[in-house]
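Once you've had a glance at the structure underneath, I'll fire off some questions.
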Amino acid sequence: GGEMNWTTDEGTQCRTIIQTPEAWTLKLAQNPIGLFVGDTVNVILGCNHLTENCNGLHNNGPNFGGMKWIPTTNPINRNNY
């Protein structure tokens with residue numbers, strides 16, 4: 001996932017959350033109001049909260065704020081998050 005943002009012809013700054021259900025496909029969280037074919041957009045790569053991706057994808061390891069030692073299995077009802 002991540003974020004996509006653009007500026008409308010009227011100067012309004014718009015943004016929406018994106019998902020990537022498969023390679024080369026972006027799924028928007030809302031209709032892109034004020035966005036037309038040929039407009040420029042900025043796509044910002046999201047964070048999956050993994051240390052290795054913070055280092056490798058974002059080159060931001062020293063600022064990693066994730067909780068890498070939190071278990072992925074809920075200790076109360078044993079369901080995965």
Side-chain angles (χ1 to χ4, degrees):
E3 178 185 290
M4 184 176 91
N5 60 58
W6 65 96
T7 303
T8 67
D9 290 340
E10 293 80 30
T12 303
Q13 298 285 323
C14 298
R15 64 179 50 125
T16 187
I17 296 171
I18 58 174
Q19 298 174 3
T20 52
E22 56 189 62
W24 303 106
T25 301
L26 298 180
K27 181 179 178 182
L28 306 180
Q30 65 187 41
N31 290 330
I33 297 169
L35 185 64
F36 299 98
V37 173
D39 285 352
T40 300
V41 299
N42 298 306
V43 176
I44 301 155
L45 180 62
C47 174
N48 64 0
H49 308 286
L50 298 176
T51 308
E52 57 272 13
N53 285 344
C54 194
N55 287 323
L57 291 176
H58 299 283
N59 194 27
N60 197 29
N63 295 314
F64 179 71
M67 306 292 181
K68 64 182 178 180
W69 294 282
I70 292 178
T72 58
T73 302
N74 185 331
I76 305 300
N77 64 14
R78 304 290 181 207
N79 291 328
N80 290 334
Y81 296 132

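For this chain, numbers begin at 1 and follow the sequence in order.
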Legend entry - Pairs satisfying side-chain hydrogen bond (donor to acceptor under 3.5 Å, both in side chains), at least one member in residues 23-43, at least two apart: N5-N42
Inset, instruction - Share the residues that join M4 in a hydrophobic cluster, the rule being Ile, Leu, Val, Met, Phe, Trp or Tyr side chains under 4.5 Å apart at the heavy-atom level. - result: W6, I18, L26, L28, L35, V41, V43
Legend entry - ILVMFWY clustering at 4.5 Å (side-chain atoms), partners of F36: none
Inset, instruction - Please round to the nearest 0.5 Å and tell me the distance separating atom CD1 of I44 and atom CD1 of I17. - result: 11.5 Å
Inset, instruction - Determine the minimum heavy-atom distance between C14 and I33, stating which atoms define it. - result: SG-O, 4.0 Å
Donor-acceptor contacts under 3.5 Å from residues 59-67 side chains, at least two apart:
from, atom 1, to, atom 2, distance (Å)
N60, OD1, N63, ND2, 2.7

Inset, instruction - Would you list the pairs meeting salt bridge (charged side-chain N to carboxylate O under 4.0 Å, His left out) in which at least one residue belongs to residues 14-25, sequence neighbours left out? - result: E3-R15
